[in-house]
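If you're wondering where the values come from, they're calculated on a predicted model, not measured in any experiment.
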Amino acid sequence: MHFSGQFEHGILPDRAHDEAALEDFILNLKKHVQINLGPGNKLVYNSTAKDKFKKRNSNKNPSNRQDVASVMKEEPYWQFYSSLNRAAQESMWDTFGSRSERQLPNLIELSKSFKKNKKNKGSIKLNPKLKIPTYNSKIDIHIQPGAYHTDLTKNDVYSGALYDTAVYVYTLRGIGNQNEDLGLTTIEYLKKNFPKFSPEKILDMGCAVGHSTVPYCDAFPKADIFAIDIAAPMLRYAHARAESMNKKINFEQRNAEKTGYKDCSFDLIVSHILFHE
């Protein structure tokens, strides 16, 4: 059972009736927090916090986000909004985590079957010796439990399944039913501004589960496409996802800070959300 509108590729976790109801509740809670409550912070800032800052700082206006934060964090409205936003985020991971965990053994077997398939279009290369940067290993990004890189078991795909399903709600279902809008937007820019550009080899850095990578397969069908990430469970899931969609992508576990590729190896290098993280 799906009915969420998300694209049903070959490794997308199914959702049971009660899971669907809870996920829809989380979606609407996040919409309420962001769309209905979020704008109230601007009203509070303009009506109260800004004047408070000026009184404390010789009538000077706030000049950066640190200045704004110094007074907004004292405002009850901001405290309420921030707490509810945090609670919604934690509930999102708990909800989608249960869905992925329930199906994890089956998802792992599916992933392995795609890896062994002789009809594979793309490939996957993992590096167990790759050192995970401390800015990933010391924090759960977006408070996703275990962040993106943690292996819970052998051949794990949990973080990939969790991320794929949860991000669809995290973005309020606003970036396409394949979560592909960042890739499509970049491609649209390239096509508009460089209409004759036809790259033969493309690299996507920080690919996660390949949401933004897949659109390049259709935009540049003759290109060899490589996608790298530090997170093995994300890459296993990404590879299975791409193969189930009949897309040829070569996934490799590498650090974008020092990829190991030779200079001038690619005609096009893109990154859609890496610096955000």
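The OG atom of Ser70 sits 5.5 Å away from the CZ atom of Phe53 when rounded to the nearest 0.5 Å. How far CD of Glu19 is from CZ of Arg102: 4.0 Å, rounded to the nearest 0.5 Å. Rounding to the nearest 0.5 Å places CD of Glu8 at 12.0 Å from CD of Gln178. Between His239 atom NE2 and Ser123 atom OG the span is 6.5 Å, to the nearest 0.5 Å. With rounding to the nearest 0.5 Å, the separation of OH in Tyr237 from OG in Ser111 is 10.0 Å. Annotation: the span from Met205 atom CE to Asn255 atom CG amounts to 10.0 Å, rounded to 0.5 Å.
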Thr150/Ser159 under side-chain contact (heavy atoms from CB on, under 4.5 Å): CA gap, chis, key distance, verdict: CA-CA 7 Å; Thr150 303; Ser159 67; over 6 Å; no
Evaluation steps, side-chain contact (heavy atoms from CB on, under 4.5 Å), between Ile228 and Phe251: CA-CA 6 Å; Ile228 64 172; Phe251 292 96; over 6 Å; no
Working for side-chain contact (heavy atoms from CB on, under 4.5 Å), residues Cys217 and Ile249: CA-CA 8 Å; Cys217 298; Ile249 302 173; 3.6 Å; yes
Asp67 and Lys60: CA distance, side-chain angles, deciding distance, salt bridge (charged side-chain N to carboxylate O under 4.0 Å, His left out) verdict: CA-CA 10 Å; Asp67 289 347; Lys60 292 181 180 179; over 6 Å; no
Residue pair Phe220, Ile202: steps toward the side-chain contact (heavy atoms from CB on, under 4.5 Å) verdict: CA-CA 9 Å; Phe220 303 105; Ile202 299 171; 3.8 Å; yes
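Look at Glu188 and Lys191 and you find no salt bridge, because none of the NZ, NE, NH1 or NH2 atoms lies under 4.0 Å from a carboxylate O. With salt bridges taken as basic N to acidic carboxylate O contacts below 4.0 Å, one links Glu74 and Arg56. Lys248 and Glu243 are not joined by a salt bridge, as no carboxylate oxygen comes within less than 4.0 angstrom of a charged side-chain nitrogen. Comment: Asp24 engages Arg15 in a salt bridge, judged by a side-chain N to carboxylate O separation of less than 4.0 angstrom.
Criterion: ILVMFWY side-chain heavy atoms under 4.5 Å apart, direct or through other members. Under it, Tyr170 and Leu274 are not part of a common hydrophobic cluster. Under the 4.5 Å side-chain heavy-atom criterion for ILVMFWY residues, no single connected hydrophobic cluster contains both Val167 and Leu182. Ile139 and Tyr163 fall within a single hydrophobic cluster, where Ile, Leu, Val, Met, Phe, Trp and Tyr side chains are chained together by heavy-atom contacts under 4.5 Å.
Heavy-atom minimum distance, Leu235 versus Cys207: CD2-SG, 3.7 Å. Here the shortest heavy-atom pairing between Leu110 and Ser113 reads O-OG, 2.6 Å. Contact between Leu162 and Ser100 at its shortest, heavy atoms only, is N-OG, 3.5 Å. The shortest heavy-atom contact between Glu257 and Pro133 is OE1-CG, 4.2 Å.
Surrounding CD of Gln79 are more than 12 heavy atoms belonging to other residues, nucleotides or ligands, all under 6.0 Å away. For Lys73, the NZ atom counts as loosely surrounded, since its 6.0 Å shell holds 12 or fewer non-hydrogen atoms of other residues, nucleotides or ligands. The 12-atom threshold is not exceeded at NZ of Lys115, counting heavy atoms of other residues, nucleotides or ligands nearer than 6.0 Å. More than 12 heavy atoms of other residues, nucleotides or ligands sit less than 6.0 Å from atom CD of Gln89. Heavy atoms of other residues, nucleotides or ligands lying less than 6.0 angstrom from CD of Glu90 number more than 12.
Ring centers of His272 and Tyr216: under 6.0 Å apart, within the cut-off.
Between Met72 and Asn41 the shortest side-chain heavy-atom distance falls below 4.5 Å. Counting heavy atoms from C-beta outward, Ile230 and Arg254 have side chains that stay 4.5 Å or more apart. Met245 places a side-chain heavy atom less than 4.5 Å from the side chain of Phe7. Between Val33 and Tyr81 there is a side-chain heavy-atom pair separated by less than 4.5 Å. Side-chain contact between Arg86 and Ile143 is present, with at least one heavy-atom pair separated by less than 4.5 Å. At least one side-chain heavy atom of His142 sits under 4.5 Å from a side-chain heavy atom of Trp93.
Put simply, the side chain of Arg173 never gets that close to the backbone of Tyr168: no donor and acceptor are under 3.5 Å apart. Side chain of Arg99 to main chain of Pro13: a donor-acceptor pair is present (N/O by atom type, distance under 3.5 Å, no hydrogens or angles).
A side-chain donor-acceptor contact under 3.5 Å links His9 and Asp164. Using a 3.5 Å distance cut-off with no hydrogens or angles, the side chains of His149 and Asp229 do not pair a donor with an acceptor. A donor-acceptor pair shorter than 3.5 Å can be found between the side chains of Asn85 and Gln34. For the 3.5 Å distance criterion, the side chains of Tyr261 and Glu252 qualify, holding a donor opposite an acceptor.
Cation-pi geometry between Lys201 and Phe226 is met: the NZ or CZ atom falls under 6.0 Å from the ring centre, inside 45° of the normal.
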